[in-house]
Amino acid sequence: MNGGLSARLLTRVFSWHPSSSRPKHSSRSDYELLPREDMSRPESSYDEKKASDDKHDGTVSVSAAHHIAFRTDQVDTGAQLVAGGIEIDPLEALRIRKKIDWHILPLMCILYWIQFMDKTTLGAAAILGIREATHLTTNQYNWLGTIFYLSYLAFEYPQNLALQKFPVGKWMSINIFTWAVALCAHAACTNFGGLFAVRFVLGMCEGSITAGFLIVSSMFYTRTEQTLRVGYWFLMNGSAQIISGFISFGTLHIHTGGFEPWQWLMIITGALTLATAVAYWFLFPDSPTNAWFLTPEERAIAVARIKDNQTGIENKHFKIEQFHEALTDPKTWIFALFSALDNVPNSLTNQRQIIVSSFGFTNLQTTLLGCVDGFIEIATIFTGVHLAARYTNARAYVGAIYFIPNILGVILLNVLPFSDKVGLLFAQWLTGVGTTGFVLSLSWLSSVTAGHTKRVTVNAIMLVAYCVGNATAPFMWQEKYRPRNHIPWIIIGICYVVCPLLLLVIRYILAAENKRRDQEPVDDTYDDVYIEVLNADGEKVQKKVDKEYLDLTDVQNRDFRYVL
C-alpha cells in the first residue's frame, strides 16, 4: 500500500460512505480515493511542499507514503489561515478573545434583547388594549402566538442553509430590517387578518437569529467560553422583559388622538429594531477569517485558538453525507425532544401578564411586576452558566437541578387558594428559573456537534422542535380553564419533570460513547492532510492541516470527545 501510494499521486475526494457492516466511525476505506496521473514531485519539508505549477484546480496532490489531500472547498475556511501550524502565546490569545468580546458580544446581547422584546410585544399590547382595538377573540389571540412559531418552523431550515451559504452578519441584518418594518406595521393593523400577516413575517425573520448566534459562538469561542457567552446573550431575554415593562408603562401615559398606547409600543420597538439592523450591516463580523476588527495575524490566532473544539470555523459547501449523519444521530432527536417539551411552558410569554392580571392586580401593577420575571431570568441564567462552566462535565446536572423550582412553582399554582394572590405571584415567578436548562442545551449542542453542515442541520432541528413546542402550547390556554388554568399548569408540570430526565439521558449516552472511543485503537486517517495555499511570495505550496480544520463530524473524528 505504501509503495503504491508513493509511486502514484492520489487526490482525496471527501465523500463519506457509511456501511452497516462497519462500526459507526469512518476510516480511510470509507472514502473514495481517486487516482490522478503520475507526477514527479520533489520532497520538501513535512509541513510545506511546493505545489505543481500545472495543477491549479484547487486540489492538492500528495506523494508521500500515506499523505492525503483535500480539496480546499471541502476543508474548513479557517484551514487557510492555520495551515502549516501556528504557535499561540496564551497572553496574546487572551488579548484577542477580549477584543472579540468587545466587538461582537455587545451586539449579540443588544439584538437578543431586541428580538425577545419584539416577540413579547403581543403580550404587553394585550394589557395596553390591542385585543379590544382589533376585536380579537381568545382563540384569535392564541393564533397570533402560534402563527409566529409556525412561520419560524417553516423557515428555520431554509434560514440555516442561508446562514451557511451567505455571510452570517449580512444575512442577519437583512432579516432584522425586514422584521423591524413588520413590527412597525402592527400599529396599522385593525383586525385579526392584518396582525396574522405581520406576526407571520416576524416568525420568518427571527428564525435566523438564534441559529446565527449559535454558529457565530462556535466560530469565535472555545467550548467553555461558548457556555458563558450563550448564557450572556440569552439572559438578555430577562433584560428585555424589564425594559419592555418600563416602555409599556411609559406608553400607558402617552395620550394622543387616534393613536393608542399599544400602537406607540409597536412604533418605539420597531424603531429600535431598525437601528439595530443598520448596526449589524456595518459592524457584525461574518467569521473570524474576515473580521474587520482583527488584523490578518490576529485572525489566524483567533482560528487557532479554538482548535481544541475540533469543530473548526465554517464551510460554505453543503455536504449531503453530514446531513444524513445528523438525521441518524440519536442525540439529535433527544435534544429535539427536550427542546419541544421545554418550550411548551414558553407559551407563558404571551399569557403571563394576563394571568397576573387575573390574580387581582391592576394593569399598571401587572406591567411593573413583569419586570421581576426579567430579574429572575437574568439571575438564574447567569448563575447557571457560570456553574456549568466552572465544574467539569456538569452541564446536564446543573440544567436538571434548575428545573426543581419550576416543578415546585407549578405545584403551588395548583394547590394555593386563588385568594392568595401574593403566593400565586411568587409561585409563577418560580416557574421562570428553569430557563437555564434550555440555555445550557443550546451551548451544549454546539459543543458536541462537529462538521459545519451537520451543525447547521442539528441546530435547525433543535429550533424546529423549539417552534413545535411554542406553536402548539398556546391552545391549551382556553377560556374554559380560567381563572385557575389547572389543565395548562399540569401539562407544564409534566414537561418540567421529563426535561431534566432527558438531559441526564443525553449525558449517559455521550459518556458511554467517550468510554468506547477511549478503548479504540488510535485512528491516524487524518494525520497527514495537506491543502494548497499561497505563500508570502505568491507561490502555491502544500501545507499540512490539522484534522480539527478538515470539517469532520464528531462521528468521523475519533479523537473528538463529547463534553458532558
Side-chain angles (χ1 to χ4, degrees), residues 73 76-78 100 103-116 118-119 148-149 151-183 200-221 226 229-230 233-234 236 270 272-294 299 311-319 322-323 442 446 449 451-464 466-467 551:
D73 66 340
D76 191 86
T77 55
I100 292 170
H103 283 86
I104 72 171
L105 200 55
L107 286 171
M108 295 173 79
C109 289
I110 290 171
L111 179 58
Y112 222 71
W113 156 55
I114 289 289
Q115 66 90 24
F116 189 81
D118 293 350
K119 184 166 56 179
F148 176 92
Y149 289 105
S151 175
Y152 195 133
L153 186 155
F155 287 93
E156 185 54 40
Y157 195 62
Q159 285 280 19
N160 273 265
L161 292 179
L163 286 167
Q164 180 177 14
K165 186 174 181 62
F166 302 116
V168 175
K170 299 297 185 293
W171 181 254
M172 290 173 66
S173 66
I174 292 172
N175 279 275
I176 300 166
F177 177 83
T178 305
W179 105 49
V181 174
L183 189 62
F200 182 90
V201 175
L202 285 185
M204 175 184 69
C205 294
E206 198 196 321
S208 67
I209 304 307
T210 301
F213 278 11
L214 291 175
I215 292 172
V216 170
S217 296
S218 65
M219 285 181 182
F220 283 93
Y221 295 110
Q226 285 176 42
R229 271 66 184 180
V230 170
W233 50 257
F234 203 98
M236 296 307 294
L272 291 171
T273 306
L274 187 61
T276 305
V278 175
Y280 261 68
W281 181 269
F282 292 104
L283 299 177
F284 198 75
D286 302 309
S287 161
T289 61
N290 60 7
W292 63 269
F293 54 85
L294 297 176
R299 292 172 187 170
T311 57
I313 304 298
E314 66 173 344
N315 187 293
K316 295 298 185 183
H317 182 77
F318 181 84
K319 299 178 180 178
Q322 291 194 13
F323 173 78
L442 288 176
S446 293
T449 307
H452 197 70
T453 299
K454 181 178 181 180
R455 193 159 63 233
V456 163
T457 303
V458 170
N459 287 347
I461 292 172
M462 177 83 162
L463 293 173
V464 164
Y466 160 88
C467 295
D551 195 36

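Everything quoted here is computed from the prediction, not taken from an experiment.
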Would you say that more than 12 heavy atoms from the other residues, nucleotides or ligands in this model lie under 6.0 Å from the CZ of Phe177, or not? no
Whether the side chain of [X] engages the backbone of [Y] through a donor-acceptor N/O pair (distance < 3.5 Å, no angle test) should be reported.
X: Arg455; Y: Ile215; answer: no
X: Thr457; Y: Phe323; answer: no
X: Ser151; Y: Phe200; answer: yes

Over 60° means perpendicular and under 30° means parallel, so classify the ring planes of Phe220 and Phe293, tilted if in between. parallel
Classify the angle between the aromatic ring planes of Phe166 and Trp171 as parallel (below 30°), tilted (30 to 60°) or perpendicular (above 60°). parallel
Rounded to the nearest 0.5 Å, how far does [atom2] of [Y] lie from [atom1] of [X]?
X: Ile114; Y: Tyr280; atom1: CD1; atom2: OH; result: 10.0 Å
X: Gln164; Y: Lys319; atom1: CD; atom2: NZ; result: 9.0 Å
X: Thr210; Y: Met462; atom1: OG1; atom2: CE; result: 10.5 Å

What about the rings of Tyr466 and Tyr152, do their centers lie closer together than 6.0 Å? yes
Would Glu156 and Asn160 count as a side-chain hydrogen bond (donor to acceptor under 3.5 Å, both in side chains) here? Give the steps. CA-CA 6 Å; Glu156 185 54 40; Asn160 273 265; 2.6 Å; yes
For the side chain to side chain contact (heavy atoms under 4.5 Å, CB included) test, which of Leu214, Thr449, Val464 pairs with Asn459? Leu214
Side chain to side chain donor-acceptor pair (under 3.5 Å) partner of Asn175, the single match among Glu206, Gln115, Gln159: Gln159
